[in-house]
Protein chains: 2
Amino acid sequence: MESLRPKISRSVIPRLSVYCRALVAYKDSGVISSDKLSELTGRTAAQIRRDIAYFGQFGTPGKGYVVEELKKRILEILGINRIWDVALVGAGNLGAALLSYKGFKEQGFNIAAAFDNDRNKIGKKLRNVPIRHIKELSRVVKNKKIQMAIIAVPAEEAQKVIDTLLKNGVRAILNFAPIRPAGGASTEIINIDLSIELEKLAHFLNRPK
Amino acid sequence: MESLRPKISRSVIPRLSVYCRALVAYKDSGVISSDKLSELTGRTAAQIRRDIAYFGQFGTPGKGYVVEELKKRILEILGINRIWDVALVGAGNLGAALLSYKGFKEQGFNIAAAFDNDRNKIGKKLRNVPIRHIKELSRVVKNKKIQMAIIAVPAEEAQKVIDTLLKNGVRAILNFAPIRPAGGASTEIINIDLSIELEKLAHFLNRPK
DNA sequence: TAGATTGTTAATCGATTAACAATC
DNA sequence: TAGATTGTTAATCGATTAACAATC
C-alpha cells in the first residue's frame, strides 16, 4: 500500500499564499533559495523547506527552487490557478466594501452574485454586480454552480443564510457575522470577527508589564 | 520569589472574548458551569476551565462560576471594561465600512479620528466622524493619546502609516493591507488579509478527496 | 572537487485533552 | 452525606526548529 498522505499542518496553507506572493513579486533570476525566500517573507528557511516538501520535491540541492516552477506548483496546490466565482450575501456597508475590494479580483476571486434583503438596493448595481433579493439565493447559487460565499449580514440572519448556502452546494464560506456557525463535515467556514480582533489588541495594551 | 506569571497560550485570549459574549447573552440563574458554557460556545469544558484558571480561581467546585463575577473578571482581563479610542487610517470603501461597523461601538471601541489623503473626502463627515488629512495623523494621535489604530490603506502606503503611528504612541494595530509589516517589540500588529482567507477556502475546495 | 542548499529526521516547543483529587 | 463541578496534573497531540546527510 502507498503511504497515506501525510497530514499537513493547517497553518501551512496560508503560508503558501505568502510564499506565492513573494514569488510573484520576485523579479530576479530564475532560481531562489529557501534562505532568500525567508528574507522576503519573514518565515524561517527551515519552515519554508518543510512546508514545500509536504507537497513533493521541487528543489535542487545546492541550487534552490526554480521560481516559475515553484510558483506554478503552489498555485495548483492552493487551487488558485483559476477564477473562482463567489457569492456575496449582504450588501450593506461591509458587503459593499468587499464588493469593491480590489485584492479579490487580483487574486482571481470574482464576485459573481450579490444578495440583500433591502428593497432599496435590489435591482441596483454595485461595481457592475446586480444586487438580487436574498430569496433568489438558492436558485442563483445552484444555477451558477457557485461553491464559495462571503457572508456580511447581521448576526441574526447569518445562520439561516449559511444553511441555505450549504443546502445549495456552497461548501466554503467566509463569514463576517459574529456568530459561531454550525457547519457540516465536508464544509469549511472561516470566521472573521472584527470585534474580537480589537479585543485582542485591547488585551495587549491592557497587559500588566 | 513569587512564581513567574505562567505563559498563557496566545489562543486563550480570543476564546475569552467568546466566553464573555456567551455570558453577556446568558440570562439564566446566577451560576454557570463549564459544561453549560461549553454548550453555549462550542469549546470543551476542560478547555474552558483551563483557560479561566490561568487567571485565578473564580469557580466553586460543585457549583460553577458566578456569572456576573466571571463576566466582570474577563472584561478586566481583556481590558474591555472601558471605552477605547481608535484611529482609522484610510476612509475608502473598506475604511468607510469599518467606520459604520456597529459591532465596534457595541464592544466599546470608538473611532475617534479618521484619516485619508483624498482631497474630496477631507473635511467631510462619515458617521459623524470628520475625515482629516493624513498629514494630521501624528498630531491628532498624539493629542488624543490614541493607542490603537485600524489601517485600511493600499499596500504601498501601509508601512509608512504604521511607522508614523508607532512613532506617535500607537502600540496596537489592526492592519488590513496585504503586507507583512515590520513592527517592534512592545507593539502588536494583527494582520487580516482577506485574499488569503479566500485562498484558504480555494485550497479546501481544491483538495483531492 | 569544494561550496551550497535541499529534504528529512529527531528534538523541542506549545497547546489541547483526559482524568481525577480536592472541594463545595 | 452524596452528587456535582472545579482546578490541576500528566498524557497526548500538533507544529516548529535545528541539525545534517544527501545531493547537485
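These numbers come from a predicted model, not from an experiment. Residue numbers begin at 1 in each chain, while the letters A, B, ... track the order of the sequences.
For F55(A) and dT8(C), the CZ to P distance is 14 Å, given to the nearest whole Å. One atom, CG of D35(B), and another, C1' of dG3(D), lie 14 Å apart when rounded to the nearest Å. Across the protein-nucleic acid pair, L37(A) atom CG and dA4(C) atom P stand 20 Å apart, rounded to whole Å. Straight-line distance from the CD1 atom of I48(A) to the C1' atom of dT5(C): 13 Å, rounded to whole Å.
Note that the CG atom of N175(B) and the CD atom of Q159(B) stand 9.0 Å from one another [nearest 0.5 Å]. Atoms CG and OG, on L126(A) and S100(A) in that order, are 6.5 Å from each other to the nearest 0.5 Å. Here the straight-line distance linking atom OG of S195(A) with atom NZ of K102(B) works out to 12.5 Å at 0.5 Å rounding. Expressed to the nearest 0.5 Å, how far CD1 of I196(B) lies from CG of L78(A) amounts to 9.5 Å.
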task: Please step through side chain to side chain donor-acceptor pair (under 3.5 Å) for the pair Y19(A) and D51(A), ending with a clear verdict.
output: CA-CA 10 Å; Y19(A) 306 154; D51(A) 286 351; 2.6 Å; yes
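For the pair R50(A) and Y54(A), the cation-pi criterion (under 6.0 Å, within 45° of the ring axis) is fulfilled.
Checking dA15(C) for Watson-Crick or G-U wobble geometry (two distances, each under 3.5 Å) identifies dT12(D) as its partner. Across all strands shown, dA21(C) is found opposite dT6(D) as a Watson-Crick or G-U wobble partner, with both distances under 3.5 Å.
More than 12 heavy atoms of other residues, nucleotides or ligands sit less than 6.0 Å from atom CZ of R82(A).
For the segment residues 57-67 of chain A, residues with any heavy atom less than 4.0 angstrom from an atom of DNA chain D are, sorted by number, T60(A), P61(A), G62(A).
By the 4.0 Å N-to-carboxylate-O rule, E76(A) lies close enough to R73(A) to be salt-bridged with it.
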- request: For nucleotides 15-21 of chain D, just jot down a letter per nucleotide in 5' to 3' order: B, S or -, based on protein non-hydrogen atoms under 4.0 Å.
  value: SSBBBB-
